[in-house]
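Side chains are part of it too, since the values below use all heavy atoms of this structure and drop only hydrogens, waters and symmetry mates. Sequence lines set the chain letters: A, B, ... in the order given, protein chains first and strands last, and positions in each chain run from 1.
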Amino acid sequence: MIKITLPDGSVREYDKGTTGLDIAKSISEGLARNVLSISVNGDLWDLSRPIHSDASIVLHKWENEEGKHAFWHSSAHLLAQALQELYPQVKFGIGPAIESGFYYDVDFGDKTISETELPAIEKKMKDLASQKFDYIREDISKEEALTYFGKKNENYKTELISELEDGTITLYKQGNFTDLCRGPHLPDTSSIKAVKLLSVAGAYWRGDERRKQLTRIYGITFPKQNLLDEYLVFLEEAKKRDHRKIGKELELFTFSAKVGMGLPLWLPKGAMLRERLENFLKKVQKQYGYQQVVTPHIGQKELYVTSGHYAKYGKDSFQPITTPAEGEEFLLKPMNCPHHCEIYKDKPHSYKELPLRYAEFGTVYRYEQSGELHGLTRVRGFTQDDAHIFCTPDQLKDEFKKVIDIILYIFKTLDFKNFTTQVSLRDPNNTEKYIGSDENWKKAEDAIIEAVSEKGLDFVVETGEAAFYGPKLDFMVKDALGRKWQLGTIQVDYNLPERFELEYVGADNQKHRPVMIHRAPFGSMERFVAVLIEHTAGKFPLWLTPDQAVVMTISEKYDDYAKKVLNLLNNYDIRSFVDDRSEKIGRKIRDNELKRIPYLLIVGEKEEETGTISVRRQGEGDKGSMTVEEFVTFLNEEVKRELENINI
RNA sequence: GCCAAUGUAGCUCAGUUGGCCAGAGCAGCUGAUUUGUAAUCAGCUGGUCGGGGGUUCGAAUCCCUCCAUUGGCUCCA
């Protein structure tokens with residue numbers, strides 16, 4: 001007998017060689033029906049794998065990430081099995097579970113596959129699933145594995161195997177499909193009830209663009225049809241929140257093929273929104289001792305040679321602008337920092353002046369690959385809410401922490417609750433990708449980790465993700481479809497001060513080198529607005545929204561009164577307009593609701609007689625009537641509430 | 001840049017075994033209506049069917065190419 005410890009601490013005895021499924025059955029029939037995988041002493045196992053010694057276990061169901069993972073991983077194998085039957089020539093790459101579903105990368109040889117073929121593959125998957133194939137685990141040696149896959153000409157598999165350590169390799173088999181796999185898997189295919197293949201895409205083998213591009217098929221599966229239905233509804237809802245769609249509906253921005261792809265054109269309402277965001281941040285930054293500066297959109301090539309950007313990105317950037325006579329070369333600026341370094345160099349600095357904080361809403365231009373462009377989130381010309389802090393090494397950590405405060409304040413004000421933070425460090429095995437000394441990198445990386453830890457942020461560390469001149473802390477927020485975007489960023493930089501030979505005179509009357517912090521709380525106005533749109537579905541906070549109120553007339557008899565109301569609102573700085581179309585009030589309500597105008601003000605006979613307005617809140621309905629002054633107070637209090645949850 | 005797909009009026013979309021002057025709803029314009037809490041009625045305007053080339057007696061429809069967009073991959077200072 002062996003002792004099995006359950007998550008609640010209770011211990012049960014089982015025969016040696018019992019399985020996860022046996023344990024589940026011994027607890028309850030319902031659990032046995034729903035359990036998908038098991039952790040044995042912290043390792044993920046199949047439910048059918050015999051347990052030979054004492055262990056503590058956790059059973060995973062659909063509701064657990066581990067359970068879903070096993071389910072989708074097994075589904076990827078099912079997809080592969082279906083592909084093998086339908087397209088015998090196919091060769092397999094890898095097929096993992098992902099955050100929502102799974103994919104399989106396959107090589108169809110000369111054949112191309114299109115999405116029109118997906119329904120047939122789905123059908124085959126469902127057929128196979130209902131045949132209840134067991135997922136059978138098998139241990140073999142590396143040599144045997146190489147021979148086995150070699151015989152089948154599975155060159156992607158043999159490449160993977162040859163890189164594995166010598167020893168035992170596990171295979172999983174269901175029906176006549178066998179795959180190299182660590183597992184774990186479901187006991188059998190029958191629990192996969194609902195299948196949806198979502199898209200076909202190209203994906204380079206092992207993520208290397210120099211290697212062959214395989215066909216990736218994305219899919220998702222569920223143990224019940226209604227879960228799939230719900231997921232498809234979610235996808236539809238997410239589409240409605242897409243910032244590209246809402247941006248068009250609310251007339252915030254547009255693109256023109258004639259102006260150029262990836263170059264956003266901000267329409268009046270979008271420009272208004274953006275301006276308010278800028279003013280909001282300027283106000284916060286003023287309190288933190290930032291000073292606004294302004295620099296041009298181009299700079300001499302030499303500037304970027306000095307900064308190191310030219311060597312790193314010159315070939316992949318917009319190419320230099322040349323002058324007619326003198327043959328000078330200028331680059332569109334890809335970053336503001338070199339310009340700000342030159343501002344710093346305008347005069348000598350004393351340690352008493354530091355930290356110096358130069359801020360600029362600086363528009364930069366980067367050549368992004370055409371296939372990368374995506375609405376406002378990935379563009380070729382964008383405005384960073386940039387600033388560079390020049391400080392002494394002693395001041396670095398405190399300054400870094402203050403920047404974190406600004407970012408958290410902004411996220412809180414705009415109700416971004418589900419952000420993640422990522423510390424990006426240099427790849428120690430690939431240091432030639434970066435500039436600067438090992439010593440400076442260490443100092444910079446330590447400073448970030450200390451500051452972030454002291455701030456109590458919950459962060460993940462990614463090595464190899466640093467900027468080429470320094471490590472960074474990024475704040476990531478998801479869009480409506482769950483795609484992660486980097487918004488705020490803070491970067492520590494010892495290198496540019498050296499390259500630009502920046503100095504200050506210390507208390508010891510000696511020259512010293514300052515440290516630089518690059519930071520952008522929004523990241524870029526474009527991307528930030530995009531994510532804000534998706535978060536709010538276009539219902540912006542009252543303080544930010546382009547139009548706060550609309551005055552709607554019952555009939556044209558009340559046009560004059562409506563204009564009086566509008567004048568009053570203007571006097572109180574309420575952003576508003578009149579809807580005096582010859583339409584019924586129901587129609588005006590509908591149209592302005594759809595335009596996400598927060599307050600709909602109705603004026604007719606009653607209101608004119610009593611000198612009031614009838615107030616309706618977007619999405620909520622009638623709020624009764626009040627005087628314009630009362631409404632202004634009411635609205636201003638709401639704005640105050642939106643902005644006051646922050647104490648700097 | 002690569003793989004796959006899409007592109008018909010300002011917007012959403014019909015229209016493919018190739019065949020009468022290419023359609024609808026919404027938006028816009030004109031007129032009627034003077035309206036009380038999510039769509040008033042009528043008329044009209046609007047498209048070189050993404051651009052170019054080809055096949056054909058005939059192309060929105062088939063082929064080639066370019067452009068743009070979408071979903072991914074690679075990249076992201």
When rounded to the nearest Å, what value does the distance between [atom1] atoms of [N] and [M] take?
{"N": "B/rC21", "M": "B/rG58", "atom1": "P", "result": "15 Å"}
{"N": "B/rC13", "M": "B/rG50", "atom1": "P", "result": "15 Å"}
{"N": "B/rU61", "M": "B/rC49", "atom1": "P", "result": "9 Å"}

By nearest atom, which of the nucleotides [options] is closest to the [X] side chain?
{"X": "A/Ala201", "options": "B/rG1, B/rC75, B/rG72", "value": "B/rG72"}
{"X": "A/Gln213", "options": "B/rG1, B/rU33, B/rG72", "value": "B/rG72"}
{"X": "A/Asp622", "options": "B/rA38, B/rU37, B/rG36", "value": "B/rU37"}
{"X": "A/Ser555", "options": "B/rC76, B/rC73, B/rU34", "value": "B/rU34"}
{"X": "A/Gln369", "options": "B/rU34, B/rG36, B/rG1", "value": "B/rG1"}
{"X": "A/Glu583", "options": "B/rC75, B/rG72, B/rU40", "value": "B/rU40"}
{"X": "A/Tyr367", "options": "B/rG1, B/rC76, B/rC11", "value": "B/rG1"}
{"X": "A/Ala257", "options": "B/rA27, B/rU34, B/rA68", "value": "B/rA68"}
{"X": "A/Arg483", "options": "B/rC73, B/rC75, B/rG71", "value": "B/rG71"}
{"X": "A/Lys584", "options": "B/rC73, B/rA38, B/rU35", "value": "B/rU35"}

Verify the contact: side-chain N or O of [X] to OP1 or OP2 of [N], cut-off strictly under 4.0 Å; return yes or no.
{"X": "A/Arg590", "N": "B/rU37", "value": "no"}
{"X": "A/His374", "N": "B/rG71", "value": "yes"}
{"X": "A/Ser370", "N": "B/rG1", "value": "yes"}
{"X": "A/Tyr218", "N": "B/rC73", "value": "yes"}
{"X": "A/Lys557", "N": "B/rU35", "value": "yes"}
{"X": "A/Arg244", "N": "B/rC11", "value": "no"}

Quiz item: [X] side-chain donor-acceptor pair to [N] base, under 3.5 Å:
{"X": "A/Glu607", "N": "B/rG36", "answer": "yes"}
{"X": "A/Glu115", "N": "B/rA4", "answer": "no"}
{"X": "A/Ser582", "N": "B/rU35", "answer": "yes"}

- Note on the structure: Distance col, row A/Leu502:CG vs A/Arg513:CZ, nearest 0.5 angstrom, shows 7.0 Å
- Task: Step through it carefully: locate the ring centre of A/Phe92, locate the ring centre of A/Tyr156, and say whether they are under 6.0 Å apart.
- Result: no
- Message: Once you apply a heavy-atom cut-off of 4.0 Å, does A/Arg616 come out as touching a base, just sugar-phosphate, or nothing?
- Response: base
Ion pair present between [X] and [Y], side-chain N to carboxylate O less than 4.0 angstrom?
{"X": "A/Glu237", "Y": "A/Lys240", "result": "yes"}
{"X": "A/Arg617", "Y": "A/Glu638", "result": "yes"}
{"X": "A/Arg206", "Y": "A/Asp208", "result": "no"}

For [N], which nucleotide in any strand shown is its Watson-Crick or wobble partner with both distances under 3.5 Å?
{"N": "B/rA60", "result": "none"}
{"N": "B/rG47", "result": "none"}
{"N": "B/rC41", "result": "B/rG31"}

- Side chain of A/Arg527, backbone of A/Thr377: donor and acceptor closer than 3.5 Å? yes
- Find the distance A/Tyr103:OH to B/rG71:P and express it as a whole number of Å. 19 Å
- Side-chain donor-acceptor pair present, A/Trp485, A/Asp479, cut-off under 3.5 Å: yes
